[in-house]
Amino acid sequence: MTPGAFAVVATTREVLDAPGLGTHLLAPWELRRLAAIRVPARADDVLAARLLLRLCAARATGRPPAATGLAQRCPDCGRSGHGRPHLPAHPGLGVSVSHADGLVAAAAAPGPVGVDVEPAARRPGPLPVLRRVLPGPDLHEALAAPDPGLALLRAWVRAEARFKAGRPPPEDVLLKEWTDHRRAAVVAVATAAEAGAEAEAGAGAGAATVGPVLLPPSALLGGPAPAGGP
């Protein structure tokens, strides 16, 4: 059982190639949604994301992946099977998941949490959409950057992570964003400030990171951690 907030980023293939993981861990409603996806690569991404989310929930709760009791509920329509994932048996624990073009990310934290991952080569747009999604200061700063496309992508994943965490007030949220060069991914995690402080304390005295702890995929998938970091 891991205290505090943490996140994991992996490729879809890293997850699907891990031993012991497969569709047998999914709930019937998840299997129905998976079967409705007609693009094989997207179906693989969704499956890998659901499996990684279960592993994060298992690490956070101390329960086996098949017994985490993951559910989804839409706050708008009140129906289950879509919307933000949650753990009914652990109402104080937040979980989040993201997938995009062969990449998956998942996170868990005490309280609200949101995670987003995008390929580092992706460039969000068009500008009218960005104006609706990104905070004005973030948009203006990104457009003035030496590489506006990359800056806009970083602003995009931060905005998505905040949205998934429930858009808490800026003073109540910690945002952590980084580039996973090994997997050519840009990732952001948003957590409640209290959860980030717990994670920093759990990392030990003098920890250099603030916010969620970034775990290597091997911490959840097994196998040796690759040289050079996560």
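Source: prediction; values computed, not measured. Just so you know, these numbers use all the heavy atoms, side chains as well, and skip hydrogens, waters and symmetry mates.
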Inset, instruction - Over all heavy atoms of both residues, which pair between Leu175 and Ala190 is shortest? Give the atoms and the distance, please. - result: CD2-CB, 3.6 Å
Legend entry - Closest contact, heavy atoms only, Arg154 versus Thr179: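 The answer is NH2-OG1, 2.9 Å.
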Has [X] got a side-chain atom pairing as donor or acceptor with [Y]'s backbone, closer than 3.5 angstrom?
X      : Y      : value
Arg63  : Ala60  : no
Arg59  : Leu220 : no
Lys176 : Thr191 : no

Nearest-0.5 Å distance that lies between atom [atom1] in [X] and atom [atom2] in [Y]:
X      : Y      : atom1 : atom2 : answer
Leu139 : Arg131 : CG    : CZ    : 6.5 Å
Leu70  : Leu53  : CG    : CG    : 4.5 Å
Leu153 : Leu130 : CG    : CG    : 10.5 Å
Leu134 : Glu160 : CG    : CD    : 9.0 Å
Leu52  : His99  : CG    : NE2   : 11.5 Å
Arg162 : Leu174 : CZ    : CG    : 11.0 Å

Inset, instruction - Among Ile, Leu, Val, Met, Phe, Trp and Tyr joined by side-chain contacts under 4.5 Å, find the other residues sharing a cluster with Phe163 and list them by chain and number. - result: none
Can you give each donor-acceptor pair under 3.5 Å made by side-chain atoms of residues 107-119, sequence neighbours left out, with the distance rounded to 0.1 Å?
residue : atom : partner : partner atom : Å
Asp116  : OD1  : Ser98   : OG           : 3.3
Glu118  : OE1  : Arg122  : NH1          : 2.5

Any side-chain heavy atom of [X] sitting closer than 4.5 Å to one from [Y]?
X      : Y      : answer
Arg123 : Asp147 : yes
Leu214 : Phe6   : no
Pro217 : Arg183 : yes
Leu26  : Leu34  : yes
Val95  : Leu87  : yes
Asp138 : Arg158 : yes

Inset, instruction - Would you please say whether a donor-acceptor pair under 3.5 Å links the side chains of Ser96 and Arg84? - result: no
Legend entry - Stepwise side-chain contact (heavy atoms from CB on, under 4.5 Å) test for Trp178 and Val186: CA-CA 6 Å; Trp178 69 94; Val186 175; over 6 Å; no
Inset, instruction - Tell me, with the steps shown, if Leu221 and Leu21 meet side-chain contact (heavy atoms from CB on, under 4.5 Å). - result: CA-CA 9 Å; Leu221 302 174; Leu21 300 181; 3.9 Å; yes
Legend entry - Partner of Glu177 under side-chain contact (heavy atoms from CB on, under 4.5 Å), chosen from Val189, Val157, Val187: Val157
Inset, instruction - Verify side-chain contact (heavy atoms from CB on, under 4.5 Å) between Cys56 and Val8, making sure each step is shown before the conclusion. - result: CA-CA 8 Å; Cys56 277; Val8 180; 4.2 Å; yes
Inset, instruction - Please step through side-chain contact (heavy atoms from CB on, under 4.5 Å) for the pair Leu31 and Thr23, ending with a clear verdict. - result: CA-CA 7 Å; Leu31 293 173; Thr23 55; 3.8 Å; yes
Tabulate below the donor-acceptor pairs under 3.5 Å that side-chain atoms of residues 40-51 make, not counting sequence neighbours, or state none.
residue : atom : partner : partner atom : Å
Asp45   : OD1  : Thr12   : OG1          : 2.6
Asp45   : OD1  : Gly102  : N            : 3.2
Asp45   : OD2  : Asp101  : N            : 3.3
Asp45   : OD2  : Gly102  : N            : 3.1
Arg50   : NE   : Glu30   : OE2          : 2.7
Arg50   : NH1  : Gln72   : OE1          : 2.7
Arg50   : NH2  : Glu30   : OE2          : 2.8
Arg50   : NH2  : Gln72   : OE1          : 3.2

